[in-house]
Structure formats: structure tokens, C-alpha cells
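Keep in mind that the numbers below use all heavy atoms, side chains included, and drop hydrogens, waters and symmetry copies. Throughout, a chain's letter reflects where its sequence line sits, starting with A, and its residues are numbered from 1. Since the structure is predicted, the reported quantities are computational estimates derived from the model, not experimental observations.
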There are 2 protein chains.
Amino acid sequence: MDAHLRELRYFVAAAEESTVTAAAARLFVSQPALSKQLRALERRLGFDLFDRRPRGLTLTSQGSVLLPVAREVLAAWDRGYAEARAAAHPHQLVVGMQTAVGRDLQRPAVERFRATLPGWTVSLRLVGWDDPTAGLADGTSDVAFVWLPISTDFATRVLISEPRWVALPAQHPLADRAEIPFELLLDEPFVALPAAAGPLRDFWLAVDARPGPPVVAAEATAADEVLELVTAGVGIALLAEGNTGLYQRPGLVCRPVPDLPPAELAVAWRRIDNRDAVRAFLDSVQP
Amino acid sequence: MDAHLRELRYFVAAAEESTVTAAAARLFVSQPALSKQLRALERRLGFDLFDRRPRGLTLTSQGSVLLPVAREVLAAWDRGYAEARAAAHPHQLVVGMQTAVGRDLQRPAVERFRATLPGWTVSLRLVGWDDPTAGLADGTSDVAFVWLPISTDFATRVLISEPRWVALPAQHPLADRAEIPFELLLDEPFVALPAAAGPLRDFWLAVDARPGPPVVAAEATAADEVLELVTAGVGIALLAEGNTGLYQRPGLVCRPVPDLPPAELAVAWRRIDNRDAVRAFLDSVQP
DNA sequence: GCGCATCCATAACCAACGGTTATATCAGCA
DNA sequence: TGCTGATATAACCGTTGGTTATGGATGCGC
């Protein structure tokens, strides 16, 4: 009986969340899809993995035997796949970035890294916000500059903490103010990150600072897209102070939102990845 | 990037056979299917696993990194799956059998086993000839009575060595003879085991004793089926001497074929499986 | 004890996948 | 030059994996 590794991820997620619904949300698939997949897996395995109880799932005895196996299989595969990919470009370190980092962090880091490990090259990889790990999760990058929060599968070191600002179309009624308390933005339509961005989406919608759910007017997977939509008047968006200068354009104004907790930019790496090159790069990054 | 475990088996088989065609034959799929699967896997992985050369395949550097990983993943899964299945029926040993063993081997073995391990139960599983390992390969049995030859993944101990006979319809021109040299059967149509039986099919067609390829009139996956077809005059079939008594029926005669090497009945188990219960059962089996 | 909320399963549908057979292509070799 | 042995492509088809919409069972609050 062969399974798809995806099915094993589904199984592990369901076991960890202990409800199908929660696991489906975490995996970004619909609840019926996950339900069907788990049923089909159990049918093909020939035994049940879960007892379905009114308040969620509990593992059967076979399920608890198979769970560590599934974890082991997935870990072995993820590690091996990353290794194989690295074999294509030996002595190359891939640095993932969610947005143009700017702030003169990345340039000196690369310089110091190359001085430390002269045989190595550094490749920069710019990814959309649909991958909040900037390629760390799927192994397409080795280290990454990311905005927090990020999955705890990755280790991080905070580099910069910046106040959050809001980007508005120039003709917006609030555009005249020098700064804008978040309270005034509660009912504004927002341009949000895609659902795949996970907790990061909520962070840039400032969900924690709201009494109710946000109004999402549109979704965008890259910075330019966001600002385009804001300029067009579709919605407004939060951004980090340091990015306000980077993304200036006519018809767009940025204003501080003083009462929101700051955004944190961090360097992140896979917790289990302790290669010298990764360590060397981390040492090269200075706040 | 998630793969199907089946794809990893395909990859390993192709790497071991070093041609797609040979691997496809070993896997019992068509050559284009395997070719497409390997191509698709490479496309999704983002790198090539093989260099295609006129005389077959060679591994790329990434391929050679991934090969041991694939083996490790498959081994971990196979082991874990078997463990989980065993968890459903703790203290139960599943004995696979290709045909009714008879010969009073299995009954005393089970008795001795139950005397040795009183807490255990033994479950007998009869499988068709489309699985020449009688369930050992897919973990649905723990030990098995099988006819040799069998894959070297399994350890075996020969129990009985018996001359091969031939089963003929009663009205067959050769049915009068007391014994029939194989030479006289060379051009006869045979009822064969299915292709999935692998080397065992060849053994019961006595391919080694032929100058050319056999004539296969039909395929059958169980003993009753074979004898039905023989009685109906569709073809003839070889069988072990000890089975001639077991399968007597009107319209069917069995005659020795003196010049064929004997058939060997063995007890087999997974080489890596050294559980006490397995060992105890093996000790209980006496030739 | 009766709605009600919560969670899982099923239905109906659709795109993508994995297999088949038949055929094209390509390198090496007599 | 044409044959052989290998892989890739084409056309086709049943199955799988996803979606949305809906049904059904089980605790819980009032």
C-alpha cells in the first residue's frame, strides 16, 4: 500500500489539530476535501486512523503507531529533497525575501558572507506573499528575510522593529491628518495578503487590534500590487515605516498609525539546518 | 514538493534497472507510463534524476543524492505500515499460503506454535498466484508457505522438494503413458500463472527446460481455475507431485515428468523481520 | 427537553492525473 | 542504409482530488 506524501501531511495535520475542520484550515483546503482524503487513506490502508467523536478526532491504536512513522517519512523526504536541490548548485546559498528588503541589510550581509566563505555564491530569491516563509518551507531558500509572525518550524532573529503606517489614496478624507489612530480605520476596506499567507495576513490587517472582522476589499500577492490597488481607491493597506519611502508614487500617501504594535523584520532559517554556510550567513547579518 | 511513494518506487526501480523499459517490466506497468511518471516527477522536483543515454539511464548528481533518500523513505514507510497493521491484531500471526499446502505441514506447525506462544493466535490467509510472496511483500502476512523461486528480499527454508507432474485432460493423446518426458510437451499450449507471478510463472512453464518460448493458452490465478481450464482442454499445466492427489477430478489425469528439476516448497519470511513470534513459528515448522 | 452550535460526512460536479495502446524519434551498428 | 533497442509523444479513458452546497449527529445552554 503506497500513499502520497501529501496524504501523510494531511494525516499529521489532522492528528495535531485533532479536528478535521481546523486541520483543513491549516492546510488551506476545504473541510470536505480533507475529510474525503482521510477516509480514502483509511480505506486503502485497511484500518481507521481516527475515531470520530463529536468534539473532534482521537487516534486509534493503528493511528498512533503510524503517526511517528509519517513524521519520520516526511522529515526524511523534506531533508533529502532539500539536499538534492542543493546538489544542483553546490556552494550556493539561496536567500529568500518577501519584499525588497532595502534598509541596507542585505548588501553588507552578502559582502561579509562572501568574505567569510569565498567559494560560495549567494542567490537572491524574491517570493510573493503567498509563501510567508519566503521559500524556507519548501526548501527553495536556505535563509530568508521575513516579516513576523512566522511558523515556529523556523528559527528567527529580529533585525528591525518598525512602526506600522497606513497607505491611502491621496484623495482619501483621512489623508490630511499627520497621523491616524487605528480606530478610524476599523471600517475601511483593506487590501489583504492572500489566505495562504496565514498569520501574516492577520498581522497586516491588524486583526488583534479590532473588535470585529476586517473588511477585505481585495487580495494582493506582491507589494506593487497592493499599492496599485490602494492608489486606485479599492482599499487601504498597512505597511512598515521603512517601506513608505521605497514605494512612493503619485496619488498615494502614507501616514503613521501610532497605536499599533510595531512590525518586526527578521532573518529566519530552518531550525534543523545547521550547515556552516547558513550559520556564516546569519553571523553576517547585522541589525 | 510532495511525491507519491509509488513515484519513489518507480524512481528506485529505474535507477536499479538503469533502463526505463526493464524497470517498467519489473513494475508491471507499460514503458510509456513509467517514462511519463519519471518525467513528471523530474518536472515537479525541478531537476532531472537521470541522464537519458542511448543505452539506458544514468543518475544525475541530484538523482544520486535522492536515491538513498527514496530508499530510506520507502523502507520507513513499509516497516511502519506493517507495524500499524499488526497493531490492529496484536498477538496474531498471519500465515500466507499460495495453495492449500496439505502435506500435513501447516497443522502441526500451528499446534507447536500455539504451544510455544499461548497468547497468540494464528490466522491463515490464502492468496492467488498474482502475489508470489503470498502477502509477505505488502505486509499482509508475517510468514508464508511459498513455492520457490521467490524474491531475495525474503529469507526461505526449503521444506519439501517434489518432482513435477503434468495435468492433462483425460482424452489427451499422451494421457495413456505412465510418465511423460518434457520434450513431448514442448509444443503443447499451457495454462500459465499471471505475469504478476514473476519468476514463478516461468518456473511452472519450465522455461529453463525449453529451447524456445512456451505457448500460453490461458492464465489463471488459483489452482481450481487452472484445473478447470485443463479439464476443459484449453491447455495443460505442471503441478507438484503432492498436489496431484489434492486436485483429483473426473476428466483429469496427472503424470510424472521425470526429467524436470523438482519443485521446492518453502517457508518464507521478511529478512528484516526478527520478531519472536516469527522466529517461533519458523521453529515450529518441520519438514 | 429543545433549539443551537459545532463538526464530520455525503452529493454533485469538474479539472488533473495515471494508466493504456499505437506511433514517432533517435543513436548505434552490421 | 536499414535494423535494433531504447525513450518520448499522442490520443484516449477511468479514477482521483479538489470545489461548493447540504445533510446529520452530538453536546451544551437556556
Taking only the side-chain heavy atoms of [X] (C-beta and beyond), determine which of [options] contains the nearest atom.
| X | options | result |
| --- | --- | --- |
| Val20(A) | dA8(D), dT19(D), dC8(C) | dC8(C) |
| Pro32(B) | dT19(D), dC8(C), dA22(C) | dA22(C) |
| Ala33(B) | dA11(C), dT20(C), dA12(C) | dT20(C) |
| Tyr10(A) | dT20(C), dA6(D), dG18(D) | dG18(D) |
| Gln37(B) | dG19(C), dA6(D), dG18(D) | dG19(C) |

Original post:
Which residue lies toward the 5' end of DNA chain C, Ala40(B) or Gln31(B), if each is placed at its nearest nucleotide?
Top reply: Ala40(B)
**OP:** Find which nucleotide of DNA chain C each of Ser30(B) and Arg43(B) is nearest to by heavy atoms, and output the residue with the more 5' nucleotide.
**Re:** Arg43(B)
Using a heavy-atom cut-off of under 4.0 Å over every strand shown, decide if [X] touches base, sugar-phosphate, or nothing.
| X | answer |
| --- | --- |
| Arg53(A) | nothing |
| Thr19(A) | sugar-phosphate |
| Arg39(A) | sugar-phosphate |
| Phe50(A) | nothing |

Subject >> Glu7(A) or Ala22(B), whichever maps to the more 5' nucleotide of DNA chain D >> reply: Ala22(B)
Salt bridge present between [X] and [Y] (N-O < 4.0 angstrom):
| X | Y | value |
| --- | --- | --- |
| Arg9(A) | Asp78(A) | yes |
| Glu16(B) | Arg71(B) | yes |
| Arg270(A) | Asp153(A) | no |

Side chains of residues 193-205 of chain B: which donor-acceptor pairs under 3.5 Å do they make with residues two or more places apart or in other chains?
| residue | atom | partner | partner atom | Å |
| --- | --- | --- | --- | --- |
| Arg201(B) | NH1 | Leu193(B) | O | 2.8 |
| Arg201(B) | NH1 | Glu219(B) | OE2 | 2.7 |

